[in-house]
Chemist: 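Quick one: the structure is below, and I'll ask about it shortly.
Only a predicted model underlies this, so the values are computations on that prediction, with no experimental measurement involved. What's counted below: heavy atoms across the whole structure, side chains too, no hydrogens, waters or symmetry copies. Quick note on labels: first sequence line is chain A, next is B, and so on, each numbered from 1.
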There are 2 protein chains.
Amino acid sequence: MTTEIGRIPVAQPRCSTCSLGQFCLPVGIPAPELERLDALVSERRRLKKGEVLYHANDDLHAVYGIRFGSLKSCVTAPDGREQVVGFHLQGELIGLDAVADHHHPSTAIALEDSELCIARFGELETLSRQVPSLQRQLHRLMSQEIRNEHQQLLALGTMRAEERLAVFLLNLSERLSARGYSANEFVLRMSREEIGSFLGLKLETVSRLFSRFAQNGMIEIRQRHVKIVDAAALHELAGVPC
Amino acid sequence: MTTEIGRIPVAQPRCSTCSLGQFCLPVGIPAPELERLDALVSERRRLKKGEVLYHANDDLHAVYGIRFGSLKSCVTAPDGREQVVGFHLQGELIGLDAVADHHHPSTAIALEDSELCIARFGELETLSRQVPSLQRQLHRLMSQEIRNEHQQLLALGTMRAEERLAVFLLNLSERLSARGYSANEFVLRMSREEIGSFLGLKLETVSRLFSRFAQNGMIEIRQRHVKIVDAAALHELAGVPC
DNA sequence: CGACCTTTTGAGTGGCGTCAACATGTGTGG
DNA sequence: CCACACATGTTGACGCCACTCAAAAGGTCG
């Protein structure tokens with residue numbers, strides 16, 4: 001059904017039947033209104049690994065639901081330093097940080113081949129005025145993002161390297177598990193350098209810590225394939241008292 | 001006009017005449033709708049230095065505009081570690097991070113005697129469906145917060161101590177200046193420890209850096225009174241190439 | 001005036017960054 | 001399919017920045 005590279009027109013209703021709805025826009029929205037959301041989300045986009053969804057400073061045209069695949073968001077300092085500010089999984093909505101002035105403040109890049117639903121933002125804003133439950137969910141997603149970043153600030157501000165990495169692994173495990181994947185065995189879609197950037201560490205430190213965790217019997221790791229062996233020990237490291 | 005301690009009923013229209021509106025809710029809202037906003041923001045609250053506006057886990061009743069004074073927001077890890085995630089000045093709206101599940105994820109504490117406008121959130125949500133420009137501004141404020149935290153993550157993730165402190169001073173200077181105060185001379189309302197927590201540093205490090213900045217002739221500092229002498233040098237430190 | 005909190009400053013330590021060498025994996029073109 | 005180039009990951013040696021511990025000065029408030 002692909003008419004041109006990367007663009008896929010969609011004929012059938014989608015949000016209303018999407019199994020990822022629980023993480024995305026269609027939460028708590030009654031069936032009749034769901035159809036209007038379907039009409040709004042009329043296109044998808046495919047990205048190959050490494051492709052850019054939007055650049056920092058691009059105009060906001062749409063927000064995007066991740067149908068499959070995963071992405072990272074990066075911000076850049078005036079002097080060129082880069083910081084990964086988030087990893088985004090299947091079902092998550094990205095681009096909401098652009099609402100402020102209708103320009104994206106971050107760059108979004110695919111970590112693997114991915115497919116996204118395109119929700120044109122202007123229409124979404126209009127529809128959310130008419131559908132209170134949609135408005136509610138939009139607000140929920142935005143403020144959830146604020147909340148996540150509070151947690152990340154807490155990690156960067158107060159935790160040591162091994163604690164940060166433990167938090168990272170457990171967070172990823174939990175999110176994958178919520179999507180029906182194994183909580184104990186998964187593939188990291190990002191490099192050591194990207195993990196390091198996200199956690200405020202250098203890639204060598206991340207690599208060393210993985211090795212140490214493996215030596216302590218907390219995880220098994222071969223390249224990007226991770227197996228969590230002793231989740232309790234990770235939780236303890238992460239600062240959750242058993 | 002105070003009827004009971006800390007609560008002040010307000011008879012006259014306020015948002016419509018408030019000089020701080022540019023940082024708060026009433027941006028771009030036509031006059032007739034502004035009156036409806038006035039009706040919604042019908043109460044104020046006074047806080048003494050150190051008093052709590054809301055605790056983490058409190059129900060969301062309202063969001064708050066800062067009429068005068070300043071506050072900090074803190075999050076707490078399961079093991080008790082605290083992180084200051086933001087400082088809030090005159091005119092700013094706080095409490096928006098609670099929209100997700102109608103519970104506050106952070107604790108807000110007054111850094112000095114302060115007065116806040118109370119905007120009951122349920123009514124605000126309703127009104128914002130009817131007044132597109134209000135909806136717009138709410139979205140703008142939420143996503144501005146996401147953007148600010150991206151910048152803070154960048155600072156904590158990639159910058160050294162002196163760079164973080166330079167960024168902090170310049171950011172404060174800019175915000176105060178936008179409120180009509182001097183950009184070069186101001187009073188820090190927060191302790192070295194609170195600055196340290198915000199920047200992921202220990203209070204001793206903050207103190208040492210202030211001393212060093214003063215020795216280098218970049219600032220003058222006596223207690224919490226700061227004077228920026230060489231803003232260009234601070235900008236350079238902060239990573240903005242001259 | 002005394003109790004307490006905040007800030008400053010010093011000395012010593014260690015966690016993480018830097019630099020470097022090497023191993024392993026991945027993709028591409030002949 | 002192999003050879004090669006290049007990206008990614010591992011590991012070691014070393015150094016520095018920021019933390020820890022400690023003591024004392026200065027400021028604030030009852």
Chemist: To the side chain of B:A161, which of D:dG9, C:dT18, D:dA18 is closest?
Modeler: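 Among the listed nucleotides, the one closest to the side chain of B:A161 is D:dA18.
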
Chemist: Of the nucleotides C:dT9, C:dG17, D:dT10, which one has an atom closest to the side chain of A:R192?
Modeler: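 Looking only at side-chain atoms, A:R192 lies closest to D:dT10.
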
Chemist: Just call it for A:R208: base, sugar-phosphate, or nothing, with non-hydrogen atoms closer than 4.0 Å on any strand.
Modeler: base

Chemist: If you look at every strand shown and take non-hydrogen atoms under 4.0 Å, does A:S191 touch a base, only sugar-phosphate, or nothing?
Modeler: sugar-phosphate

Chemist: Just the rounded figure in Å: distance from C1' of C:dT6 to NZ of B:K49.
Modeler: 10 Å

Chemist: For A:K202 and for A:Q223, locate the closest nucleotide of DNA chain C by heavy-atom distance; then report the residue assigned to the nucleotide nearer the 5' terminus.
Modeler: A:K202

Chemist: It should be established whether A:R224 places a side-chain nitrogen or oxygen under 4.0 Å from OP1 or OP2 of nucleotide D:dT8.
Modeler: no

Chemist: With B:N148, which of B:Q151, B:Q144, B:H150 fulfils side-chain hydrogen bond (donor to acceptor under 3.5 Å, both in side chains)?
Modeler: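 It is B:Q144; the other options fail the test.
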
Chemist: Just how far, in rounded Å, is C1' of D:dA25 from CZ of B:R222?
Modeler: 16 Å

Chemist: Verify the contact: side-chain N or O of A:T205 to OP1 or OP2 of C:dG17, cut-off strictly under 4.0 Å; return yes or no.
Modeler: yes

Chemist: Name the nucleic acid region contacted by A:G196, choosing base, sugar-phosphate or nothing; use a 4.0 angstrom heavy-atom cut-off, strictly under.
Modeler: nothing

Chemist: With the side chain of B:L203 defined as its heavy atoms from C-beta on, choose the nearest nucleotide among C:dT8, C:dG17, C:dC19.
Modeler: C:dT8

Chemist: Looking at D:dT11, I'd like to know if its phosphate oxygens (OP1 or OP2) sit under 4.0 Å from a side-chain N or O belonging to A:S211.
Modeler: yes

Chemist: Would you say the rings of A:F186 and A:Y181 are close, in the sense that their centroids are separated by under 6.0 Å?
Modeler: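 Between A:Y181 and A:F186, the centre distance exceeds or equals 6.0 Å.
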
Chemist: Between A:S106 and A:D97, does the side-chain hydrogen bond (donor to acceptor under 3.5 Å, both in side chains) criterion hold? Intermediate values first, please.
Modeler: CA-CA 8 Å; A:S106 58; A:D97 52 1; 3.1 Å; yes

Chemist: List for me each residue that meets salt bridge (Lys or Arg N to Asp or Glu O under 4.0 Å) alongside B:E194, sequence neighbours excluded, and say none if there are none.
Modeler: B:K72

Chemist: Give the ring-plane orientation class for A:H102 versus A:F121, where under 30° counts as parallel, over 60° as perpendicular and anything between as tilted.
Modeler: perpendicular

Chemist: Could you check how far CD of B:E193 sits from C1' of C:dC4, rounded to whole Å?
Modeler: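 Taking CD of B:E193 and C1' of C:dC4, I get 15 Å after rounding.
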
Chemist: Nearest whole Å is fine: how far is C:dC16 P from A:L199 CG?
Modeler: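 Taking CG of A:L199 and P of C:dC16, I get 12 Å after rounding.
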
Chemist: Nearest whole Å is fine: how far is C:dT26 C1' from A:E112 CD?
Modeler: 17 Å

Chemist: Mapping B:L209 and B:E204 to their closest nucleotides on DNA chain D, which lands nearer the 5' end?
Modeler: B:L209

Chemist: May I have the distance from B:E194 (atom CD) to C:dC5 (atom C1'), rounded to whole angstrom?
Modeler: 12 Å

Chemist: Provide, to the nearest angstrom, the distance between the CZ atom belonging to A:F213 and the C1' atom belonging to D:dT10.
Modeler: 16 Å

Chemist: What is the distance, to the nearest angstrom, from the CG atom on A:L188 to the P atom on C:dG25?
Modeler: 16 Å

